[in-house]
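Atom set for the values below is all heavy atoms of this structure, side chains included, hydrogens, waters and symmetry mates excluded. For ligands, and for the atoms within them, numbers begin at 1 and follow the listed sequence. Position 1 is the first residue of the sequence, and the numbers go up from there.
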Amino acid sequence: MFLRPTITAFFFLLMALSATRFSLAEDTKPANTPGGKIEVLLIDGQNNHDWKRCSPVMMTTLEATGRFEIEQATVSKSQVADFSPDFTKYDVVLSNYNGASWPEKTKAAFVKYIQNGGSLVVVHAADNSFPKWKEFNEMIGLGGWGDRNEKDGPYVYWKDGKIVRDDSKGRGGSHGSHWEYKVIVREKDHPITRGLPTEFLQAKEELYDRLRGPGKNMTILATAFAKGGSERHEPVLMTISYGKGRIFHTVMGHSHTSMKGVAFQETLIRGTEWAATGKVTFPSVTAAELPVDRAVSRDPKDIKPAH
Ligand code: ZN
């Protein structure tokens with residue numbers, strides 16, 4: 001009679017303790033704590049590129065590091081009207097999406113998420129999307145196609161050691177034929193590029209040129225010379241700040257094959273970690289692993305975990 005309530009209370013205490021343990025499980029640790037995982041929302045489902053084969057390469061690349069946990073939101077054209085994820089659940093949004101416009105409510109929630117310190121990574125043709133969405137174009141800095149032209153902002157490229165903003169008229173977005181292009185690091189003291197070789201080759205693919213956009217609050221980390229295209233040193237890796245948010249934009253990643261390029265993979269890992277946390281803890285590659293005389297590719301499963 002006397003013991004019973006005590007045993008019941010003890011049972012509830014045990015329940016409460018075990019619930020606490022579950023809420024401290026490793027995958028809920030914030031991204032900035034040791035061993036904490038970066039929660040990524042990968043958005044795909046529409047693209048003029050082969051997103052079905054590209055997204056898995058990106059997912060394996062990030063997951064192989066042991067640093068990221070990815071949720072995939074595949075949004076077909078018929079599903080887009082109902083697309084309204086809770087962006088605030090994620091450390092970073094990774095866009096492999098080039099498709100129909102999102103509902104106004106979702107766009108507003110996304111802008112608020114980035115403004116309040118959210119993060120975005122834009123890969124290749126994801127910078128073709130949403131040509132009429134002003135805030136998105138400010139986030140990505142530069143974009144192409146979708147009738148982009150001088151009304152959307154200047155051409156931005158590298159010439160004689162500095163950035164040129166060129167207001168001349170013309171279409172935004174084009175590319176020459178596919179080749180192994182040389183990436184030249186222009187900003188050597190950024191967490192994403194620090195420790196990388198100064199010059200390296202990306203696997204054979206097209207190189208975007210003549211992108212245009214507002215290009216505000218944008219840092220060009222690396223360029224590549226658009227041989228047979230604009231014949232200019234075009235931005236390849238960029239960071240943009242928008243409100244309190246951090247954005248990493250890579251024009252690399254045309255196909256699932258070129259996404260196996262070590263240049264694409266290393267910069268995606270480093271750029272995604274930086275966007276999510278402001279730091280890069282992933283060890284940088286050596287000039288032997290990322291050479292300038294040949295383009296190296298690898299199965300993303302062979303990427304070694306960071307810790
Ligand atoms: Zn492409």
Colleague: Between Ile70, Leu41, Leu62, which is the residue that forms a side chain to side chain contact (heavy atoms under 4.5 Å, CB included) with Leu94?
Modeller: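 Only one of Ile70, Leu41, Leu62 forms a side chain to side chain contact (heavy atoms under 4.5 Å, CB included) with Leu94, namely Leu62.
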Colleague: Kindly give the atom name of the N, O or S atom of His254 closest to the Zn ion (ligand 1).
Modeller: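 Going by distance to the Zn ion (ligand 1), the closest N, O or S atom in His254 is ND1.
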Colleague: Could you tell me whether the Zn ion (ligand 1) has an N, O or S atom of His124 under 2.8 Å away?
Modeller: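 Given the 2.8 Å cut-off, His124 counts as a ligand of the Zn ion (ligand 1).
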Colleague: Nearest N/O/S atom of Glu206 with respect to the Zn ion (ligand 1), by atom name, please.
Modeller: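 Restricting Glu206 to its N, O and S atoms, the minimum distance to the Zn ion (ligand 1) goes to OE2.
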Colleague: Please test Ser230 against Arg210 for side-chain hydrogen bond (donor to acceptor under 3.5 Å, both in side chains), starting from the C-alpha separation and ending with a verdict.
Modeller: CA-CA 7 Å; Ser230 66; Arg210 298 188 180 94; 5.6 Å; no
Colleague: Would you confirm whether the ring centroid of Tyr208 sits within less than 6.0 angstrom of the ring centroid of His254?
Modeller: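 Here the rings of Tyr208 and His254 have centres that are no less than 6.0 Å from each other.
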Colleague: At less than 2.8 Å, would any N/O/S atom of Glu205, backbone or side chain, sit next to the Zn ion (ligand 1)?
Modeller: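 So Glu205 does not bind the Zn ion (ligand 1) by this criterion.
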Colleague: Between the Zn ion (ligand 1) and His49, which N, O or S atom of the residue is the nearest one?
Modeller: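 Nearest N/O/S atom of His49: NE2.
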Colleague: Tell me which one of Trp51, Phe110, Phe83 satisfies side chain to side chain contact (heavy atoms under 4.5 Å, CB included) with Ile43.
Modeller: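 Of all the options given, the one that passes is Phe83.
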Colleague: Please report the shortest heavy-atom distance between Ala287 and Pro197, naming the atom on each side.
Modeller: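 Answer, listing the atom of Ala287 first, then Pro197: CA-CG, 3.7 Å.
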